[in-house]
Amino acid sequence: MSQEVAETQSIEAQVGASDGAKVAYSPSHSSNASNKSSGDDIDLKHESDYVVPATGPIGQYAGVLALCLMIAFGGFIFGWDTGTISGFVSQTDFLRRFGSYDHVKNDYYFSKVRTGLVVGIFNIGCCIGGLTLGRTGDMYGRRIGLMIVTVVYVIGIIISIASINKWYQYFIGRIISGMGVGGIAVLCPTLISETAPSHLRGTAVAFYQLMITGGIFLGYCTNYGTKKYHNSVQWRVPLGLSFAWALFMLGGMTLVPESSRYLAQQGRLEEAKRSLAICNKCTVDDPIVIHEMEEIMAGVEAERAAGSASWAELFVTKGKIFHRVLMGVMIQSLQQLTGNNYFFYYGTTLFVSVGLDDGFEAAIVIGVVNFASTFVGLWTVERFGRRRCLLWGAATMMCCFVVYASVGVTRLYPRGYGQREEYTSEGAGNCMIVFTCFFIFCFATTWAPIPYVIVSETFPLRIRGRAIALSVGANWLWGFLISFFTPFITGAIHFAYGYVFMGCLVFAWFYVFFFVCETKGLTLEEVNEMYEEGVLPWKSAGWIPSSKREGGYDAEAALHDDKPWYKRFT
């Protein structure tokens, strides 16, 4: 008998040895009891019955949520880059060193191509890093993988900060640092989703987005603080602070336990039990750990029996794997196509164009609204569910772009786009700023965190790393395309660009309604079961896992709908 089988049987024996008593305990791992329905005991198919309450007091989960917050700090690194680069392209020393000289205006400037490349190439690096370095989590573990990709990020920052007057050196540094951040974007949500309780998994994964917004906000503030200098302090200080964030991330990873799911998949069952014990603040022999290990091992053994995963497996139709991968790619792509980075990457220059004297101050306003609103998003993602938040988010952001674009096109420049910038309507500019802030609020509470939540909990364990990498890679690719082409598009159609994003949001609303299932309160294993059953997305909110069903539940009703498509919205 192999050691792995012996350990598995040992776990089962511990459960069976509880003298038939009913033991009440609260789960705190992502494999815990489902929240999809309430009040039912879970039959563990052993001689003893366990009463597993769906939730417990929030203080009970403080430890595991603190671990998730520490893991999510990787998002701060990405947000810091987004917030600082938007100011770099407007800073005098950065322009002097890396820009071109205009002999007519006697000033330095960035061409549209160079602006797009300097801002957007980071996303290409992220895409490459997500697809390649994201695999370190499968090879060495999620925790060690995060440490490896953070070191890659540091190497990129060293190259960038050492740049003197060659823009392509800074360009190369951004590609390498982007590769590190791409790996972080894959591994952070993965490790969080495999650590957090199922009924708090959405909030825990949303910590990643909270950290992104915190990084953006502090990046804006740092740019504002260094703009008064006239040398490389303007941009080297913000870049230098990146080392501090990376060191904090590396230090934090030494305190975080490895994913119990990864350890179980590798056959390291005793280590997996210790990891669960740390997350649950209990001993390795506690009934909580035994129950968690049973569910994890059941999923691991089922996936192991099917063989090892490959990239080709992402495109098979069995178990709706390809359907889920395509949905992950679409959701991550549509997050970029909401138009959020139109404001985040070019916020400083954008608000100068609407008549503000100091675009850096306006960028800080965006950062404050974005950061504060994300706290609301931590609540809405679990309170209202994934689907409802995405649908309402798409609808409200669409309305914001209608107003923003319409006012910009018809009212901002009374004398036409060819006139000088001081000939703008102050009232129109204020209106556009207000609706920009409202757009940021709607984005931060819905489409900012939820796409990461969805991709972190949709895929089976065996393909999760590759599927998340592919999905997030699509996000980075669209981020590059938007950041690169935005200077050209705004130069041609100006604020009518908002209508493009409005159309994308209309498409996003219909896509979510017809293709995105509700996963609120489900364990990762139950999410997999729901997709394998073929539940219709617009009926998924009422779906109940097989282990929780009662006699009157009609499982077939969730698989079919005879209504015409236009009547399914009611």
Side-chain angles (χ1 to χ4, degrees), residues 82 86 112 115-116 119-120 123 209 212-213 216 329-351 353-354 359 362-363 365-367 369-370 373-374 377 389-413 417 428-429 431-452 474-513 515-516:
T82 302
S86 66
K112 291 182 174 63
T115 300
V119 174
N123 292 278
Q209 180 62 29
I212 292 177
T213 60
I216 292 173
V329 169
M330 288 297 297
I331 285 295
Q332 287 287 328
S333 300
L334 289 170
Q335 187 203 50
Q336 286 291 337
L337 290 171
T338 59
N340 63 93
N341 280 336
Y342 170 59
F343 298 108
F344 292 140
Y345 282 133
Y346 297 100
T348 304
T349 55
L350 175 67
F351 285 108
S353 70
V354 300
V365 172
I366 287 181
V369 173
N370 188 33
S373 300
T374 306
C389 286
L390 290 177
L391 291 171
W392 276 103
T396 51
M397 287 188 289
M398 177 183 64
C399 295
C400 290
F401 262 123
V402 169
V403 176
Y404 177 89
S406 299
V407 172
V409 169
T410 61
R411 293 288 184 266
L412 183 61
Y413 290 98
Y417 285 109
C431 176
M432 294 173 72
I433 293 171
V434 168
F435 274 90
T436 295
C437 291
F438 187 52
F439 170 91
I440 297 299
F441 170 81
C442 297
F443 175 76
T445 54
T446 57
W447 277 84
I450 293 178
Y452 290 104
N475 183 299
W476 297 125
L477 180 60
W478 277 105
F480 167 75
L481 293 174
I482 291 172
S483 59
F484 180 79
F485 287 108
T486 287
F488 298 95
I489 296 174
T490 54
I493 62 175
H494 306 286
F495 295 104
Y497 194 20
Y499 292 127
V500 176
F501 294 121
M502 181 201 73
C504 294
L505 286 164
V506 172
F507 173 80
W509 193 96
F510 283 98
Y511 185 84
V512 169
F513 185 87
F515 295 101
V516 179

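We number each residue from 1, following the sequence as shown.
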> Would you say that Leu481 contacts Trp478 through its side chain, given a criterion of any heavy-atom pair below 4.5 Å between the two side chains?
yes

> Mark yes or no for whether Gln336, through its side chain, and Trp476, through its backbone, hold a donor-acceptor pair below 3.5 Å.
no

> If we check side chain to side chain contact (heavy atoms under 4.5 Å, CB included) with Ser406, which of these qualifies: Phe435, Phe401, Tyr499?
Tyr499

> For the atom pair CH2 (Trp447) and CD (Gln332), what is the distance rounded to the nearest 0.5 Å?
9.5 Å

> If I compare all heavy atoms of Val329 with all of Ala474, which pair ends up nearest, and what's the gap?
CG1-CB, 3.6 Å

> Output the distance between atom CG (Asn370) and atom CG (Asn340), rounded to the nearest 0.5 Å.
8.5 Å

> Measure across Cys437 and Val365 and return the closest heavy-atom pair with its distance rounded to 0.1 Å.
SG-CG1, 3.9 Å

> Specify the closest pair of heavy atoms between Ser373 and Ala444, including all atoms of both residues, with the distance to one decimal.
CB-CB, 3.6 Å

> Considering residues at least two apart in sequence or located in another chain, which fulfil the side chain to side chain donor-acceptor pair (under 3.5 Å) criterion with Thr213?
Thr374

> Are Phe501 and Thr338 side-chain neighbours, meaning at least one heavy-atom pair lies under 4.5 Å?
no

> Suppose we screen for side chain to side chain contact (heavy atoms under 4.5 Å, CB included). Which residues come up paired with Cys504, at least two apart in sequence or across chains?
Leu337

> So, taking the atom named OG1 in Thr396 and the one named CG in Leu505, what distance separates them when rounded to the nearest 0.5 Å?
8.5 Å

> Look at the aromatic rings of Phe488 and Phe485 and report parallel, tilted or perpendicular, splitting at 30° and 60°.
tilted

> Restricting to side chain to side chain contact (heavy atoms under 4.5 Å, CB included), what partner residues turn up for Phe438, sequence neighbours left out?
Cys400, Phe441, Cys442

> To the nearest 0.5 Å, tell me how far Gln209 CD sits from Tyr452 OH.
6.5 Å

> At what distance, to the nearest 0.5 angstrom, does OH of Tyr511 lie from CG of Leu334?
7.5 Å

> Give the minimum heavy-atom separation between Cys389 and Thr446, together with the two atoms involved.
O-CG2, 3.2 Å

> Once rounded to the nearest 0.5 Å, what's the spacing between atom CZ of Phe495 and atom OG1 of Thr410?
11.5 Å

> Search all heavy atoms of Pro451 against all heavy atoms of Ile331 and return the closest pair with its distance.
CB-CG2, 3.4 Å

> Over 60° means perpendicular and under 30° means parallel, so tell me whether Tyr497 and Tyr342 are parallel, tilted or perpendicular.
perpendicular

